[in-house]
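Input: a single structure, listed below in structure tokens.
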Amino acid sequence: MKRLFDFNEVINREFSNSLKYDARKSVFGTPNVIPLWVADMDFASPPGVRNALLQRSNHPIYGYSNFPESIYEALIDWFNRRHGWSIERDWIVLSPGVVTSLHAAVLAFTNPEDAVIVQPPVYFPFFSAVNELGRSLINNPLRLKDGQYQIDFEHLETCASNAKMLLLCSPHNPVGRVWRAEELKQLLSIAEKHDLIIVSDEIHADLVYLPVVFQSLQKISNVRKNIITAVAPSKTFNIPGLNLSALIIPEIAQREAVNTIFKKMAINLANPFSMVAFEAAYQEGDIWLDELLEYLQETRNFVIEYIKDNLFPIQASAPEATYLIWLDCRDMGLDDTSLQNFFTYKAGVGLSPGLIFGDAGSGFMRMNIAAPKSIIMDALLRITAALRLHTK
Ligand SMILES: Cc1ncc(COP(=O)(O)O)c(C=O)c1O
């Protein structure tokens with residue numbers, strides 16, 4: 001069936017101050033790479049979002065603004081409709097970005113030198129949210145078993161007795177896991193036993209591939225305390241540059257603690273553009289997202305098959321969520337610097353080095369496939385050619 005939205009359209013992003021495209025020289029040392037690194041998409045945002053922004057920009061005054069109630073309603077309806085999760089109006093705290101939310105939660109609920117658990121390989125700001133704020137980092141590495149990453153609950157149990165907080169990535173970037181209800185329940189029971197606060201970063205919750213179904217940690221918990229959830233329309237609708245997200249904090253004192261951190265920073269969030277984009281995305285983005293997920297799933301399946309058939313000895317498992325492929329390059333026999341140089345200079349493809357996600361990412365590279373299939377195909381062909389020379 002013909003789609004309403006054309007994800008095959010190649011849109012030139014160069015010279016738009018795009019980090020992904022216009023920072024290539026400083027990030028990779030060369031502008032001549034197909035950029036498949038930072039996690040945004042090379043697709044136009046949904047028409048509803050673009051129209052809302054155009055309409056707002058047509059009003060010629062961009063003054064101090066105020067959040068309308070409708071923005072909260074749009075978020076509540078979205079999570080009800082898409083995830084069967086009932087969020088109460090009072091639980092919502094708007095926040096600039098999810099990384100800011102992680103930092104705010106660490107500041108609000110831990111003291112200097114308290115221990116915070118992370119589960120590497122993991123999105124690198126999880127480390128900085130702990131290290132830069134002078135907290136102590138405890139690694140509870142995921143275990144790779146038969147191509148699938150799992151939580152090491154036994155090890156977590158030993159970490160939990162010394163820690164105040166766990167930063168959970170759910171779904172997980174970079175490994176693409178969607179934690180199942182049983183896994184989340186096990187996590188909750190360890191957290192309850194040790195009075196651990198869980199900050200659940202659910203920014204990728206909407207980017208989950210059927211038949212897998214996402215479960216929010218808070219939704220399956222019987223308790224309304226000690227779970228801080230970060231959500232955003234930014235990854236879902238390709239508006240991360242607009243910087244507006246939300247925290248869901250059911251417990252009033254915990255909500256106040258986060259609000260106090262924001263108050264101390266005098267953060268003014270009410271940007272007239274980000275608020276209309278946020279609301280329109282959650283109100284009108286369903287069909288666009290359904291089609292995007294179909295497109296990404298086709299691309300994901302193709303890429304995984306292609307890797308199996310053509311990119312030996314590189315291996316990859318299909319992510320259950322996210323548009324990020326975690327390439328296992330350990331059998332290429334290269335150290336991490338040589339591996340990065342291989343992709344950048346030999347293949348001409350700009351990927352994220354696995355090592356930024358922690359030591360457990362050594363020998364891996366992360367590839368962002370949220371681009372028209374022609375771009376992804378071009379990148380795969382470049383890697384194929386470079387690999388032929390490498391293995392000769
Ligand atoms: C797990 C995760 N959290 C947070 C972010 C960034 O969120 P924000 O741009 O809202 O700070 C990303 C972006 O890649 C991510 O993958």
Side-chain angles (χ1 to χ4, degrees), residues 18-20 23 27 35-43 45 75 92-107 116-130 132-133 142 149 166-179 198-208 214 216-217 228-248 258 261-262 265 267 269 271 273-275 277-278 281-282 296 319-326 350-354 356-358 361 364-371:
S18 147
L19 178 66
K20 196 183 199 176
V27 172
L36 306 178
W37 61 293
V38 65
D40 71 15
M41 306 196 273
D42 290 350
F43 306 127
S45 289
L75 181 145
I92 304 170
V93 176
L94 294 168
S95 161
V98 168
V99 172
T100 308
S101 296
L102 299 177
H103 280 245
V106 170
L107 280 173
V116 179
I117 304 169
V118 299
Q119 299 177 310
V122 71
Y123 181 55
F124 50 92
F126 279 44
F127 302 117
S128 20
V130 181
E132 278 171 22
L133 297 173
L142 300 177
Y149 281 89
L166 164 69
L167 300 181
L168 178 71
C169 198
S170 174
H172 192 97
N173 169 13
V175 309
R177 273 300 315 276
V178 174
W179 308 118
I198 303 183
V199 179
S200 187
D201 176 342
E202 302 185 359
I203 196 169
H204 295 282
D206 296 313
L207 298 170
V208 172
F214 171 77
S216 177
L217 184 69
I228 315 296
T229 311
V231 297
S234 52
K235 296 282 156 199
T236 314
F237 301 105
N238 208 22
I239 50 173
L242 292 176
N243 271 313
L244 186 60
S245 73
L247 280 155
I248 314 300
V258 169
I261 298 295
F262 287 147
M265 299 292 300
I267 291 173
L269 293 174
N271 176 304
F273 290 101
S274 59
M275 67 170 71
F278 184 112
Y282 278 147
L296 286 175
E320 297 170 331
T322 79
Y323 44 73
L324 307 164
I325 307 275
W326 187 232
L351 307 184
S352 305
I356 62 172
F357 304 93
F364 289 79
M365 298 292 287
R366 193 191 73 173
M367 178 177 177
N368 174 349
I369 58 160

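Indexing begins at 1, ligand by ligand and atom by atom, following the structure's order.
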[atom] [closest protein heavy-atom partner, distance rounded to 0.1 Å]:
{"atom": "atom 6 (C) of ligand 1", "value": "Y123 OH, 3.3 Å"}
{"atom": "atom 14 (O) of ligand 1", "value": "K235 NZ, 2.8 Å"}
{"atom": "atom 7 (O) of ligand 1", "value": "I203 CD1, 3.3 Å"}

May I ask you to check if ligand 1 and [X] share an N or O to N or O distance below 3.5 Å?
{"X": "S234", "result": "no"}
{"X": "V99", "result": "yes"}
{"X": "S245", "result": "no"}
{"X": "T100", "result": "no"}

Distance filter under 4.0 Å to [X] heavy atoms, resulting ligand 1 atoms:
{"X": "G97", "answer": "10 (O), 11 (O)"}
{"X": "H204", "answer": "1 (C), 15 (C), 16 (O)"}
{"X": "N173", "answer": "15 (C), 16 (O)"}

Residue part near ligand 1, for [X], under 4.0 Å between non-hydrogen atoms:
{"X": "C169", "value": "side chain"}
{"X": "A39", "value": "side chain"}
{"X": "V98", "value": "both"}

How about W179 and F214: are their ring centres within less than 6.0 Å of each other? no

Look at the rings of W326 and F364 and say which category their plane angle falls in: under 30° parallel, 30 to 60° tilted, over 60° perpendicular. parallel

Just by distance, no angles: are the side chains of T229 and S200 close enough, under 3.5 Å, to form a donor-acceptor pair? no

